[in-house]
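Counting convention: from 1, in listed order, for ligands and their atoms alike. Numbering of residues begins at 1 and proceeds along the displayed sequence.
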Amino acid sequence: MNETALKYERMREEMVRTQIEVRGITDPKVIFAMQKVPRHFFVSDALMDQAYGDFPLPIGEQQTISQPYIVAEMTQALNLNKEDRVLEIGTGSGYQAAILAEIAFRVYTTERIHSLYVKTRNLFDRLHYHNIVTKYSDGTLGWESESPFDAIIVTAGAPDIPKVLVSQLAMGGRLIIPVGNQYTQDLIRLYRDERGIHKTNLGGCRFVKLVGEHGWKEE
Ligand code: SAH
């Protein structure tokens, strides 16, 4: 490993120790993934040294890469197994998708901003994430042809839970989505079993807007 890679590996270790483990993330698979994925490659060169800080960062097009802790929290709440097929709405930087791809069998991720879609798809190739499938589309419609999914994660704030996403959830499937207004949301977890849909509130969060047919309307 060269000096720069080693420097970032140390920053990643510190991130896991001071931001992830002490705040209730206990799933070893999540901790392993957070320790492994080189977050600095998912931000612009100018922001690389800040990539392991305890905050979100801009990624262009007025979008953000989420704070490390929220990525870990949402991933843990999905309760992933290595056979799982996961749908992500809001590819953005690709960081959350990479974390999912370290744990699950395959990740399907959609992005509605073309420049981010192209840039991030190239990054996945460069980092050899061959189990991530990307699509340029409105993710509020889900991904019908690849459904049902064992887990669905929405990484942008929605006004309501799009029903079509719930319908693309497999039996035993889990859905995590921030729901609220454009300034603040609650992180909602749905679990589907034979008896129906079970809903829990994991607490407050703040995401950029989910824009689309079953999300916020474009300005
Ligand atoms: N998971 C990302 C978070 C990026 S921010 C990461 O780890 O970096 C949320 C992303 O959701 C933005 O890139 C935004 O363009 C995208 N988005 C918003 N509405 C969307 C929609 N309807 N379909 C697909 N992507 C959407």
Side-chain angles (χ1 to χ4, degrees), residues 15 20 30 33-34 36-44 47-48 50-53 55-78 80 86-104 107-124 127 129 132-144 146 149 151-165 168 175-182 185 187 205-219:
M15 172 191 85
I20 307 301
V30 177
M34 299 295 294
K36 182 168 176 196
V37 177
R39 181 172 163 96
H40 58 284
F41 287 135
F42 294 81
V43 300
S44 64
L47 295 177
M48 278 189 169
Q50 285 173 258
Y52 298 97
F55 36 73
L57 286 168
I59 56 170
E61 306 284 351
Q62 284 148 9
Q63 306 303 319
T64 54
I65 177 175
S66 303
Q67 174 194 13
Y69 172 71
I70 191 89
V71 172
E73 184 189 18
M74 290 173 89
T75 307
Q76 176 163 278
L78 286 176
L80 295 175
V86 186
L87 172 66
E88 180 194 30
I89 319 297
T91 314
S93 70
Y95 179 68
Q96 172 74 73
I99 294 288
L100 298 169
E102 292 290 345
I103 304 172
V107 177
Y108 299 84
T109 182
T110 91
E111 173 56 55
R112 67 175 284 275
I113 297 178
H114 194 259
S115 60
L116 290 176
Y117 158 75
V118 172
K119 196 170 157 189
T120 302
R121 194 189 52 186
N122 289 334
L123 180 66
F124 290 147
L127 298 179
Y129 277 106
I132 302 179
V133 187
T134 58
K135 187 176 171 182
Y136 169 54
S137 71
D138 174 5
T140 68
L141 302 170
W143 195 324
E144 177 78 51
E146 295 294 347
F149 297 96
I152 300 179
I153 177 171
V154 182
T155 61
D160 302 291
I161 303 175
K163 287 192 186 65
V164 57
L165 294 184
Q168 293 182 12
L175 167 69
I176 305 289
I177 180 169
V179 181
N181 60 39
Q182 64 182 98
Q185 302 96 32
L187 205 51
C205 58
R206 185 179 179 156
F207 279 84
V208 297
K209 280 199 276 184
L210 180 74
V211 178
E213 192 167 324
H214 301 299
W216 296 100
K217 299 298 159 241
E218 244 162 307
E219 269 118 62

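- Atoms of ligand 1 lying under 4.0 Å from at least one heavy atom of L116, given by number and element, are 13 (O).
- Of the candidates S93, G92, G90, G215, the one placing a heavy atom closest to atom 8 (O) of ligand 1 is S93.
- The aromatic rings of F124 and F42 sit tilted, their planes meeting at an angle between 30° and 60°.
- From the protein, the heavy atom lying nearest to atom 17 (N) of ligand 1 is R112 CG, 3.9 Å.
- Remark: E218 engages R112 in a salt bridge, criterion side-chain N to carboxylate O under 4.0 Å.
- The line from OG1 of T91 to CD1 of I59 is 9.5 Å long, rounded to the nearest 0.5 Å.
- Between the T155 side chain and the I89 main chain, a donor and an acceptor come within less than 3.5 Å of each other.
- Looking at heavy atoms from C-beta onward, L78 lies out of side-chain contact with I103 at the 4.5 angstrom threshold.
- Each of the atoms 1 (N), 2 (C), 6 (C), 8 (O) of ligand 1 lies under 4.0 Å from some heavy atom of T91.
- When hydrogens are left out, the protein atom nearest atom 9 (C) of ligand 1 is T155 O, 3.4 Å; that is the closest non-hydrogen contact.
- At a 4.0 Å cut-off, at least one heavy atom of E88 sits close enough to ligand 1 to count as contact.
- Here the shortest heavy-atom distance to atom 13 (O) of ligand 1, taken over E111, K209, Q62, belongs to E111.
- Around NZ of K163, the count of heavy atoms belonging to other residues, nucleotides or ligands within 6.0 Å does not exceed 12.
- In this structure, Q168 contributes its side chain and W143 its backbone to a donor-acceptor pair below 3.5 Å.
- We find the CZ-NZ distance between R121 and K135 to be 14.0 Å, quoted to the nearest 0.5 Å.
- Applying the 4.0 Å criterion to heavy atoms of S137 picks out, from ligand 1, the atoms 23 (N), 24 (C).
- Shortest contact from atom 5 (S) of ligand 1 to any protein heavy atom: T64 O, 3.1 Å.
- For atom 23 (N) of ligand 1, the closest non-hydrogen atom of the protein is G139 N, 2.8 Å.
- Within the structure, ligand 1 lacks V71 among the residues with a heavy atom less than 4.0 angstrom away.
- At a threshold of 4.5 Å between non-hydrogen side-chain atoms, the residues L187 and I70 count as touching.
- Judged by distance alone, the side chain of Y95 and the main-chain N or O of P68 form no donor-acceptor pair under 3.5 Å.
- In terms of polar-atom proximity, I89 is not counted as a contact of ligand 1, lacking any N or O under 3.5 Å from an N or O of the ligand.
- Among V107, I132, V37, V71, the one residue that satisfies the side chain to side chain contact (heavy atoms under 4.5 Å, CB included) test with L100 is V107.
- Residue-ligand proximity: A97 is placed with every non-hydrogen atom at 4.0 Å or more from ligand 1.
- The proximity of V208 to ligand 1, defined as any non-hydrogen pair under 4.0 Å, is limited to the side chain.
- Taking CD of E111 as the start and OH of Y117 as the end, the distance is 10.5 Å to the nearest 0.5 Å.
- Of all atoms in ligand 1, numbered sequentially from 1 with element shown, those under 4.0 Å from a heavy atom of I65 are 8 (O).
- In terms of protein heavy-atom proximity, atom 7 (O) of ligand 1 is nearest to Q96 N, 3.1 Å.
- Closest to atom 12 (C) of ligand 1 among all protein heavy atoms lies Q63 OE1, 3.3 Å.
- Applying the 4.0 Å criterion to heavy atoms of T140 picks out, from ligand 1, the atoms 22 (N).
- For a threshold of 3.5 Å applied to N or O pairs, the pair formed by I113 and ligand 1 contains no separation below that value.
- Polar contact with ligand 1: present for V211 (N/O pair, distance under 3.5 Å).
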